[in-house]
Amino acid sequence: MSQTLYKTPFSPAYWRDALADFKKPRTLVFSALMVAACVALSYLKSIPIVDNVRVTWGFLARALCALVGGPVNALAFGFVEDTVSYFMNPDGGYNPFYIFTTMLGVFTYALFLYRAEVTVTRVFLAKLLTNIQNVFLQSLGTYLWYSSKGYWIIAGERAVKNAIMLPVQTVMLVALFAALLPILHRMGFLPAQAARLKLWRKPEWMGRKKEREEQAVPWEE
């Protein structure tokens, strides 16, 4: 596979690689396994934290698929996974709006994690943005289809839940990636530079400063 990493997704080459990876049979097989993992994890008992806030597990498989498959694959995966998960474990009425929110969430993970140096900072930002989407978009779906409460009441309740869950989910993702990145690299799913989790990415100007110091000629009297 290509070993190229990208600082941002704002590059034609990034999207060419994303489309190429989406077409690979091994990516489709991995995505199918992650769909099955999401279904299996939905049966796993959630862990209560406070009041109505509970730890669930499906986001782990979604983030992992986004990391490996990229943003193009993420859209297809999100559509299939949300539909299959609902019909395998129906809970309430079927709402097509939630397909869109699932697709957007997996797509967001991919923009932060695919073909990038995976750092704790990137993981946190990806989870932060997906939680913000949960607050505003999933609240909208609940408001339009299921609830008699006002939109901002629903969004406020979700904001509290997602704020509590953010550090917990970030730690869970960090632990998952720390364990699986080397394995996924050995299996050929990740470039070598993305083979281990890093705390943060050192800014380029620090590297240039060190090079200048090493190349400097010492003063001679």
Side-chain angles (χ1 to χ4, degrees), residues 34-35 37-68 71 74 77-78 81-82 84-86 88-114 116 118-181 197-201:
M34 290 301 101
V35 170
C38 285
V39 173
L41 291 170
S42 69
Y43 289 98
L44 195 62
K45 187 176 181 179
S46 58
I47 301 175
I49 299 181
V50 291
D51 294 332
N52 240 354
V53 182
R54 307 179 71 88
V55 176
T56 57
W57 312 96
F59 75 96
L60 297 171
R62 296 186 188 108
L64 199 60
C65 189
L67 166 76
V68 170
F77 168 83
E81 185 272 314
D82 188 85
V84 172
S85 291
Y86 173 79
M88 291 296 294
N89 189 18
D91 182 17
Y94 179 68
N95 188 344
F97 182 81
Y98 290 140
I99 294 177
F100 166 73
T101 60
T102 301
M103 292 171 65
L104 181 61
V106 183
F107 181 78
T108 302
Y109 283 128
L111 292 181
F112 279 92
L113 303 173
Y114 171 74
V118 184
T119 64
V120 173
T121 302
R122 276 184 176 268
V123 173
F124 171 79
L125 292 175
K127 198 72 206 75
L128 174 63
L129 190 52
T130 55
N131 281 19
I132 291 173
Q133 292 168 5
N134 289 341
V135 170
F136 292 103
L137 293 179
Q138 291 206 357
S139 297
L140 180 61
T142 302
Y143 169 70
L144 292 176
W145 273 273
Y146 301 122
S147 180
S148 58
K149 294 181 181 179
Y151 170 75
W152 290 109
I153 294 176
I154 300 171
E157 293 172 350
R158 283 189 179 271
V160 172
K161 292 179 182 180
N162 280 273
I164 294 172
M165 288 303 303
L166 177 61
V168 177
Q169 292 172 322
T170 300
V171 170
M172 291 170 69
L173 283 172
V174 166
L176 178 73
F177 291 151
L180 293 187
L181 287 180
L197 182 72
K198 299 178 182 178
L199 181 61
W200 68 309
R201 187 180 188 278

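Just so it is clear, the model here is predicted, and its values are computed rather than measured. Position 1 is the first residue of the sequence; numbering continues from there.
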Enquirer: Go through Phe124 and Thr119 one step at a time and tell me if the side-chain contact (heavy atoms from CB on, under 4.5 Å) criterion holds.
Expert: CA-CA 9 Å; Phe124 171 79; Thr119 64; over 6 Å; no
Enquirer: Ignoring hydrogens and geometry, is there a side-chain-to-backbone donor-acceptor pair from Trp57 to Tyr43 under 3.5 Å?
Expert: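 Checked: no pair found.
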Enquirer: Using side-chain hydrogen bond (donor to acceptor under 3.5 Å, both in side chains), reason through Thr142 and Arg158 one step at a time and then give a plain yes or no.
Expert: CA-CA 11 Å; Thr142 302; Arg158 283 189 179 271; 3.2 Å; yes
Enquirer: Between Asn89 and Ser42, which heavy-atom pair has the shortest distance, and what is it?
Expert: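 It is ND2-OG, 3.5 Å.
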Enquirer: Side-chain contact test, heavy atoms from C-beta onward, threshold under 4.5 Å: evaluate it for Ile49 versus Val55 and give yes or no.
Expert: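 Yes, at least one pair of side-chain atoms sits under 4.5 Å.
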Enquirer: Which atoms form the tightest heavy-atom contact between Gly105 and Thr130, and what is the distance?
Expert: O-CG2, 3.6 Å
Enquirer: Quick check for you: to the nearest 0.5 Å, what is the distance between Lys161 atom NZ and Asn52 atom CG?
Expert: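 Going from NZ on Lys161 over to CG on Asn52, the span is 4.5 Å.
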Enquirer: I need the minimum non-hydrogen distance between Ala66 and Tyr114, along with the two atoms involved.
Expert: O-CB, 3.8 Å
Enquirer: Would you say that Leu181 contacts Leu67 through its side chain, given a criterion of any heavy-atom pair below 4.5 Å between the two side chains?
Expert: yes
Enquirer: If every non-hydrogen atom of Leu111 is compared with every non-hydrogen atom of Pro71, which pair is closest and at what distance?
Expert: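 Nearest pair, atom of Leu111 first, then Pro71: CD2-CB, 4.2 Å.
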Enquirer: Can Leu129 and Leu125 be said to form a side-chain contact (heavy atoms from CB on, under 4.5 Å), step by step?
Expert: CA-CA 6 Å; Leu129 190 52; Leu125 292 175; over 6 Å; no
Enquirer: With a 4.5 Å limit on heavy-atom distance, are the side chains of Ser85 and Tyr98 in contact?
Expert: no
Enquirer: Examine distances only and state if a side-chain atom of Arg62 and a backbone atom of Val106 form a donor-acceptor pair shorter than 3.5 Å.
Expert: no
Enquirer: Can you tell me how far apart CZ (Phe136) and CH2 (Trp152) are? Round to the nearest 0.5 Å.
Expert: 5.5 Å
Enquirer: Mind checking side chain to side chain contact (heavy atoms under 4.5 Å, CB included) for Asn131 and listing every partner two or more places apart, or none if nothing turns up?
Expert: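 If we apply the side chain to side chain contact (heavy atoms under 4.5 Å, CB included) test to Asn131, skipping adjacent residues, the hits are Lys127, Asn134, Asn162, Leu166, Gln169.
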Enquirer: Do Glu81 and Thr102 pass the side-chain hydrogen bond (donor to acceptor under 3.5 Å, both in side chains) test, and can you show the C-alpha distance, the side-chain angles, and the key distance before you say yes or no?
Expert: CA-CA 8 Å; Glu81 185 272 314; Thr102 301; 5.0 Å; no
Enquirer: Start with the C-alpha gap between Leu64 and Met34, add the side-chain angles, then the distance that decides, and say whether side-chain contact (heavy atoms from CB on, under 4.5 Å) holds.
Expert: CA-CA 8 Å; Leu64 199 60; Met34 290 301 101; 4.0 Å; yes
Enquirer: Can you name the side chain to side chain contact (heavy atoms under 4.5 Å, CB included) partners of Val174, sequence neighbours left out?
Expert: Val120, Val123, Thr170, Leu197
Enquirer: Can you confirm whether Val35 sits close enough to Phe77 that some side-chain heavy atom of one is under 4.5 Å from a side-chain heavy atom of the other?
Expert: yes
Enquirer: Could you walk me through whether Phe97 and Leu140 pass the side-chain contact (heavy atoms from CB on, under 4.5 Å) check?
Expert: CA-CA 9 Å; Phe97 182 81; Leu140 180 61; 4.0 Å; yes
Enquirer: Quick one: pull up CZ in Phe59 and CE in Met165 and give me the separation to the nearest 0.5 Å.
Expert: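 Here the rounded value is 6.5 Å.
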Enquirer: Are Tyr86 and Ile99 side-chain neighbours, meaning at least one heavy-atom pair lies under 4.5 Å?
Expert: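 No, their side chains stay 4.5 Å or more apart.
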Enquirer: Working to the nearest 0.5 angstrom, can you tell me the gap between Met88 CE and Cys38 SG?
Expert: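 Reported to 0.5 Å precision, the distance equals 12.5 Å.
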Enquirer: Looking at Ala61 and Ala37, what are the two nearest heavy atoms and their distance?
Expert: CB-CB, 4.0 Å
Enquirer: Residues two or more places apart in sequence or in another chain: which of them pass side chain to side chain contact (heavy atoms under 4.5 Å, CB included) with Thr56?
Expert: Ser46
Enquirer: Any side-chain heavy atom of Leu173 within less than 4.5 Å of one from Tyr109?
Expert: yes
Enquirer: Measure the spacing between CG of Leu113 and CZ of Arg122 and express it to the nearest 0.5 Å.
Expert: 7.5 Å
